[in-house]
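A short write-up of the structure that comes next.
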Amino acid sequence: MNLTARLARPLAALVFAVLPACGGDDNLGTTDASTNAAADAGATVPAAPTITMLVKMTGGLHVSWTNATKDCDTIIGERKTASDAYVVAFTVPGAADNKHDALLTAGMTYTYRLHCVRGGISSAFSNEMSGTP
Amino acid sequence: MKAGVTRFFAVCAAAGLGSVAGCGTPEAPLPDPLALATAANESGAPRTLEVTLTAQETSWDFGASKPSPVWSYNGTVPGPLLDARVGDRLVVHFANRLPEATTVHWHGLRLPNGMDGAPDVSGPVAAGGTFTYDFILKDAGLFWFHPHLRTDVQVERGLTGVIRVRGVDEPVVGTDVDEERVLVFDDVRVNDDGTFPTYLDDNSKMMGREGNTLLVNGRRTPTLSLRPGALVRWRVLNVANGRFFNFHIPGVSFHVVGSDGGSFAEPYDTDHLLIAPAERYDVYFRAPSTPGMLPLTSEPYDRGHDSGVRPPVVIAQLNVSGAAVTSSRPFPNVAPIASPIPVGAGTPRLPFVLAEGTDARGEFKFTVNGATYPNVPTVSTRVGEPFVLRVENQSEMDHPFHLHGTFFQQLDRDGVAIAAGRRVAKDTIVIPAKATLNLAANFDEPGMWMYHCHINEHSEAGMMGMIHAAR
């Protein structure tokens, strides 16, 4: 069962703000993740995951995604607020496709992006998605 | 009689004698390739079922590239069907050959407290240890057994089994009904190589594990055969950790006569049958008169956290084929088993508030009255004195609430009374999100009785407590 699909629902029906951040794809090729990938030209760079949903749940935000690369070692999730730079929010095994980010401040908007790491090589970053717990 | 019927099925099936007299006649039930294993009765005493039950490591084929390293009772998933009659004595010589401690909880049975398999009451059965369970089967119904220690992991690994306790006037196959099946519904999450994932993701922690492989009696998406026009009795059980099944067969209406340990005074008809983890239902339906294949699906059901948008999933295929049944038997009359539990203004009310949240580390927690087990304060009642469990679900998802040691009867939901004809003896019931149910109960055995959510990840994360029934 696709667990991400379980949580998916039309965006119009969501009762909270979920806003794809503007310019998310612009980060591709300019980040630490892609720099790491470029550092090893002899290996295949894994494809980036795609964030599909950000759901408000029990005071936090629940991030769901699809993995374009099946054998990632880890998925690393980063978050930022409007005033801060990205920081690592979580690291999960490569087969995971969701993570709950609990320790957030109510009313503040958070933006997330992900990348896959395989054999020490990082993918580019995923799309970005924002939400407010 | 059962041995004779089993032998008949085996002979007909092995010989491929579907069209030979005695095997393929409209009067004969079709062979049941999904029939559960049984356990040999080691007792010569009357009205006694004495069996050996061994929890052990086994391989089981879930359809992955390799068999999965399951834990099983007696080598099968699910474990054996224990078939008995109400009033029989059940003796189970249990041996734990797992690499860790376990217990056997007899789900839904009224029994002495020390036989209940609750680890904090009777202690765990250590790896390599043994325990003899010995009690009288007081009630007719479909029950089951499973571990009550690391329940989320041990049940997911395959440790489940079924007890069918027949009542005194049950419909007879061939006379009152054309066929009867015990169907155990489950799901399991396995990797491509058959191994079990070691990482539990947050969806699974919140909703309970939901597998990528649906199972009926341990088989992946099997085909069930039915004769056209047959009157069929299905006794269904959901042993999944978290998945709710919402059964549907196109063109078929389920005639629901019972659930858990009781029968409805007023059976009802439905084309969707919702069954939460640990629940059982006793249903009849008439197979379509036209041969063909029909899917048994689980339809979307929103149990909270936007879980209702998934597409239907096919659980099994029904093959309606063979000689048509022309007997047109009516649905059997089923007498209600339990009498209403008397409740009045002076009946004690025990409040239970179910809630979800996160702890200081950001991990999900599931609470009862603001605390997680074992820190949930024990509440008290007295043997033989009816009481009401007032269960308020403040969380944003359904919780299947299970009480050990006795049955309860639902009185109302959010103040709206349940019709008397629907007050069946239950041991597990869905407390819908944001709803409050009043449940009347009455212990007949003293002791410390557990109650908990039967989404196994929730009970392990704290949504569990004890009721002390004093003499």
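The analysis underlying the following values was restricted to heavy atoms, covering all of them including side chains, and did not include hydrogens, waters or symmetry mates. Everything numeric here is computed off the predicted structure, so don't read it as measured data. A, B, ... follow the sequence lines: proteins, then strands. Residue 1 opens every chain.
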To check you understand the geometry: which heavy-atom pair defines the closest contact between B:Thr358 and A:Ala102, and what is its length? CG2-CB, 3.8 Å
Could B:Asp192 and A:Lys70 be called an ion pair, given the rule that one side-chain N must be under 4.0 Å from one carboxylate O? yes
Would you call A:Thr58 and B:Glu396 a side-chain contact if the rule is heavy atoms closer than 4.5 Å? no
Only pairs of heavy atoms separated by less than 4.5 Å count here; which of A:Pro93, A:Gly60, A:Gly59 has the most with chain B? A:Pro93
Contacts of type disulfide bond (SG atoms under 2.5 Å apart), residue B:Cys453, not counting sequence neighbours: none
Counting N and O atoms only, with roles assigned by atom type, does the side chain of B:Asp202 sit under 3.5 Å from a partner on the main chain of A:His100, one being a donor and the other an acceptor? yes
Between B:Asp201 and A:Ala96 (side chain of the first, backbone of the second, donor and acceptor by atom type, cut-off under 3.5 Å), is there such a pair? no
Out of curiosity, B:His305 NE2 to A:His62 NE2, how far, rounded to the nearest 0.5 Å? 9.0 Å
Test side-chain contact (heavy atoms from CB on, under 4.5 Å) applied to B:Leu200 - qualifying residues, sequence neighbours left out: B:Ser204, B:Lys205, B:Arg209, B:Glu457
In terms of heavy-atom proximity below 4.5 Å to chain A, should B:Asn191 be classed as side chain, backbone, both, or neither? neither
